[in-house]
Number of protein chains: 2
Amino acid sequence: MEKKEEICEVKLSHSDCSKSLLPVRDALDALNGKWKLQIIISLMFGNKRFTQIAKEIPNITDKMLSKELRDLEAHELVKRTVYDSIPVIVEYTLTEHGRSLRELIEVLRVWGIKHRNQVMGKVEIGDTLEVVN
Amino acid sequence: MEKKEEICEVKLSHSDCSKSLLPVRDALDALNGKWKLQIIISLMFGNKRFTQIAKEIPNITDKMLSKELRDLEAHELVKRTVYDSIPVIVEYTLTEHGRSLRELIEVLRVWGIKHRNQVMGKVEIGDTLEVVN
DNA sequence: TATATCACTATCCTTTTGTATAGTACTTAC
DNA sequence: GTAAGTACTATACAAAAGGATAGTGATATA
């Protein structure tokens, strides 16, 4: 009978947890990898053309930018517009859905600053370290 | 002279944008991949032991869980405690710093639901699709 | 004519991520 | 004594992500 109670407890916790896991998984599927959020940030600051974005984001290669923009388009976060002027101009803009990531990015940015101060200041992790105080 | 103005505009925007990019990059470095946030969510719901976490998160393998827990420990988000009882019990808990991700996860969860409703309902993307309405 | 820009694509390679399967040393349950 | 659970590690492999470099066809600039 102890066993039965335990199962109930586990099931409840498991079910609650799953309810959180699924949407977070969905979000991560759309925003995965090193570059997507950085591209979205760049577009929030008004960048629009391929080469501009490439210059804005340190170390991104053309190949990655091209691939990630295609992914973001498929997820309806970014819109690609081709103007058939001479020469042809390709413009990238955020969709309404893409702009709705503003809050998430803000929270991530604030947490990132905290993380850098609390953890990265002490020990060198990765390659983006700059000396703190 | 048009050129000079343009350079100023780009520089300003670039500098502002970089200020956002760096912390977000820091955050992504600590939280990257498919599993870290899911593990943290699982620990927020009170799970603590290796096998429990493994059961809680769909499709994670022992190898990945083991690796990601080590990464999270290195970033001071998770604490690993060994009790030398018989048999030995290993407990994983969130650190204060790990718990500070609660808001981020909540925002991500809410956005994930919105994303599922707005985008994933229409077209099949990935393997987590369930029929909407 | 030579160089540069734009918006990419192609190729090759390495690293990381993820899967599958098995095994270990211990203990508890049946 | 057999099976199952705990907390992993080891091995082998496939797939995806990411990096480096070069090239393309257009046009614009010097």
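Note on naming: letters A, B, ... go to the chains in the order of the sequence lines (proteins, then strands), and numbering restarts at 1 for each one.
Within the hydrophobic cluster formed by Ile, Leu, Val, Met, Phe, Trp and Tyr side chains joined at under 4.5 Å, directly or through other members, B/Val110 stands alone, with no partner residue.
Across the protein-nucleic acid pair, B/Glu68 atom CD and C/dT17 atom C1' stand 9 Å apart, rounded to whole Å. Following rounding to the nearest Å, A/Ile60 (CD1) and D/dA20 (P) show an atom-to-atom distance of 13 Å. One atom, NZ of A/Lys34, and another, C1' of D/dA16, lie 14 Å apart when rounded to the nearest Å. Residue A/Glu73 contributes atom CD, which lies 14 Å from atom C1' of C/dA7 at whole-angstrom precision. Rounded to a whole Å, the CD atom of B/Gln38 is 15 Å from the P atom of C/dT17. Rounded to whole Å, the distance from CG on A/Asp71 to P on D/dA17 is 8 Å. Taking atom CG of B/Asp84 as the reference point, atom P of C/dT27 lies 13 Å away to the nearest angstrom. Between the CG atom of A/Leu28 and the P atom of D/dA17 there is a distance of 14 Å, given to the nearest Å.
A salt bridge (Lys or Arg N to Asp or Glu O under 4.0 Å) check over residues 77-94 of chain A, counting only residues at least two apart or in different chains, returns nothing.
With respect to A/Arg109 and A/Glu106, a salt bridge is recorded, a charged nitrogen being found less than 4.0 Å from a carboxylate O.
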At under 4.0 Å between heavy atoms, which parts of nucleotides 2-9 of chain D does protein reach? Answer with one letter per nucleotide, 5' to 3': B base, S sugar-phosphate only, - none. ----SSBS
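The side-chain contact (heavy atoms from CB on, under 4.5 Å) check on B/Lys36 picks up B/Asn32, B/Glu68, B/Asp71, B/Leu72, with sequence neighbours excluded. Legend: residues meeting ring pair (Phe, Tyr, Trp, His ring centres under 6.0 Å) with A/Trp35, ordered by chain and number and at least two apart, are absent. Residues passing the side-chain contact (heavy atoms from CB on, under 4.5 Å) test with A/Lys63 are A/Thr61, sequence neighbours excluded.
Between B/Trp35 and C/dT16 there is no side-chain polar atom (N or O) within less than 4.0 angstrom of OP1 or OP2.
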